[in-house]
Amino acid sequence: MERLEVKNLNHSFGFTKILQNINFTLQKGEVLSIVGPSGGGKTTLLHLCADLMDVQEGSVTNSFVSSSFAFQEARLLPWKNVIDNISMGLLAAGYRRRDAIEESKKIALRFGLEERDFEKFPKDLSGGMKQRVSFARALVLKPSLLFLDEPFSALDIGLKKELQTILIDMISKKEISILFITHDLMEAIRLSDEILLLKADPGHIVKKFSYTLPQHERDDAFVYEQSAKILQDEEIIDTFELRMK
Ligand SMILES: Nc1ncnc2c1ncn2[C@@H]1O[C@H](COP(=O)(O)OP(=O)(O)O)[C@@H](O)[C@H]1O
Ligand SMILES: [Mg+2]
């Protein structure tokens, strides 16, 4: 069974401890979110899980057959057009150019890009379009595991919902597992089977919330209701420093 297992993970930058005793398992088909305030060590944790950074202490065991990463900023190659940005991974995986381009066009359309955008370069794209390209690039290889680092935070509410809906469709079809990092409780509630609350200084997990209602059945009312509920939780109030002074 494919899974990602994090055990007794600690991490420091210099003498500053950033993560302390992190433990969790992400099972196949699951969406696990790690939620916490900025500067709490979320990106560091995700980079350790995605093998973008070396583990100092503890272990990360990833048995998913493939994975990809979507960042907070789109990180597109400025000298490649939309379709060439999306098809890079396919070409690297040995696809013939013609097939790679065809696949890339299909997924670009699914992510709401239009044919007239295909030849454009990143400098001529809006922030929202760049993020569509970034998602398409991350998903074109149909990764078994997707790492998401606050990919919606710079987006307007309409686009955020649109991209989330595409992900929810993939989640419902059991096409993907996701490790999702965010400081936004509402988007975590919309997407997750499980939310781990990461408190800062140093980052450690203080609480776990589970949601069993299938993602495609969660409407705005569900998200608002659950958010209101969670916002009364003492650990949430402490972690996000929400207490009235
Ligand atoms: N490469 C690095 N070198 C030194 N300190 C870092 C480095 N990366 C992050 N940090 C520090 O580690 C802490 C956690 O950062 P980060 O993991 O980016 O948190 P988050 O994603 O939750 O905002 C911050 O105080 C940040 O300044
Ligand atoms: Mg971060």
Side-chain angles (χ1 to χ4, degrees), residues 4-26 31-62 67-76 127-128 130-131 133-135 137-139 143 145-157 159-160 163-164 167 177-192 194-209 227 230-231 233-243:
L4 175 79
E5 199 170 5
V6 173
K7 273 195 186 158
N8 307 326
L9 193 68
N10 292 300
H11 199 84
S12 302
F13 288 120
F15 293 113
T16 312
K17 191 150 208 182
I18 303 295
L19 294 170
Q20 179 166 299
N21 196 29
I22 307 290
N23 288 280
F24 64 83
T25 302
L26 168 63
V31 180
L32 180 73
S33 293
I34 295 168
V35 173
S38 292
K42 301 185 297 301
T43 294
T44 305
L45 176 55
L46 197 66
H47 286 183
L48 290 166
C49 289
D51 201 19
L52 297 175
M53 205 185 263
D54 291 333
V55 170
Q56 294 171 345
E57 219 182 306
S59 66
V60 172
T61 316
N62 181 358
S67 60
S68 67
F69 206 113
F71 299 92
Q72 186 166 351
E73 342 77 65
R75 299 197 184 182
L76 305 179
K130 282 185 205 160
Q131 207 61 350
V133 177
S134 165
F135 262 84
R137 182 180 58 182
L139 289 166
L145 172 61
L146 178 64
F147 295 104
L148 291 178
D149 191 357
E150 314 222 23
F152 308 115
S153 35
L155 307 182
D156 66 72
I157 202 158
L159 179 56
K160 182 190 280 203
L163 295 180
Q164 287 176 353
L167 279 186
S177 312
I178 302 178
L179 183 59
F180 180 40
I181 298 287
T182 181
H183 63 266
D184 184 331
L185 279 170
M186 295 226 300
E187 67 185 35
I189 289 170
R190 192 177 293 282
L191 292 171
S192 315
E194 207 162 273
I195 298 177
L196 302 178
L197 183 61
L198 188 76
K199 201 167 170 177
D201 297 323
H204 61 293
I205 293 168
V206 287
K207 196 153 184 173
K208 180 167 113 176
F209 301 90
S227 305
I230 213 174
L231 281 168
D233 186 282
E234 285 296 318
E235 291 288 8
I236 293 271
I237 291 170
D238 260 16
T239 301
F240 286 94
E241 299 178 359
L242 301 174
R243 211 176 302 280

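Read the numbers this way: they start at 1 and go in the same order the structure lists the ligands and their atoms. Values below: all heavy atoms of this structure, side chains included; hydrogens, waters and symmetry mates excluded.
- Residue-ligand proximity, Lys42 to ligand 1, at heavy-atom distances under 4.0 Å covers atoms 17 (O), 19 (O), 20 (P), 21 (O), 22 (O), 23 (O).
- Among the atoms of Thr43, an N, O or S atom falls under 2.8 Å from the Mg ion (ligand 2).
- Salt bridge Lys160/Asp184: present, at least one basic N to carboxylate O contact under 4.0 Å.
- Taking CG of Leu45 as the start and CG of Asp149 as the end, the distance is 10.0 Å to the nearest 0.5 Å.
- Ring geometry, His11 versus Phe13: the interplanar angle exceeds 60°, so the pair is classed perpendicular (tilted spans 30 to 60°).
- Residue Thr43 approaches ligand 1 through these ligand atoms, each under 4.0 Å from one of its heavy atoms: 17 (O), 18 (O), 20 (P), 21 (O).
- Annotation for ligand 1: atoms under 4.0 Å from non-hydrogen atoms of Gly40 are 19 (O), 20 (P), 22 (O).
- At least one heavy atom of Ser38 sits under 4.0 Å from some atom of ligand 1.
- Heavy-atom proximity to atom 23 (O) of ligand 1, evaluated over Gly39, Gly41, Pro37, Ala200, is greatest for Gly39.
- In this structure, Lys42 contributes its side chain and Gly36 its backbone to a donor-acceptor pair below 3.5 Å.
- Under 4.0 angstrom from ligand 1, the non-hydrogen atoms of Ile18 all belong to its side chain.
- Distance remark: protein heavy atom not present below 4.0 angstrom from atom 27 (O) of ligand 1.
- Relative ring orientation between Phe152 and Phe135 is described as parallel, the plane-to-plane angle staying below 30° on a 0-90° scale split at 30° and 60°.
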>> Using salt bridge (Lys or Arg N to Asp or Glu O under 4.0 Å), reason through Glu234 and Arg243 one step at a time and then give a plain yes or no.
In response: CA-CA 9 Å; Glu234 285 296 318; Arg243 211 176 302 280; 3.4 Å; yes
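- When the shell of 6.0 Å around CG of Asp201 is examined, it contains 12 or fewer heavy atoms from other residues, nucleotides or ligands.
- Atom 9 (C) of ligand 1 is flagged as protein-proximal [any protein heavy atom, distance under 4.0 Å].
- For atom 6 (C) of ligand 1, the nearest non-hydrogen atom of the protein is Phe13 CD1, 3.2 Å.
- In summary, the side chains of Asn23 and Asn21 do present a donor paired with an acceptor at a separation below 3.5 Å, with no hydrogens or angles considered.
- Looking only at protein heavy atoms, the nearest one to atom 17 (O) of ligand 1 is Thr44 OG1, 2.6 Å.
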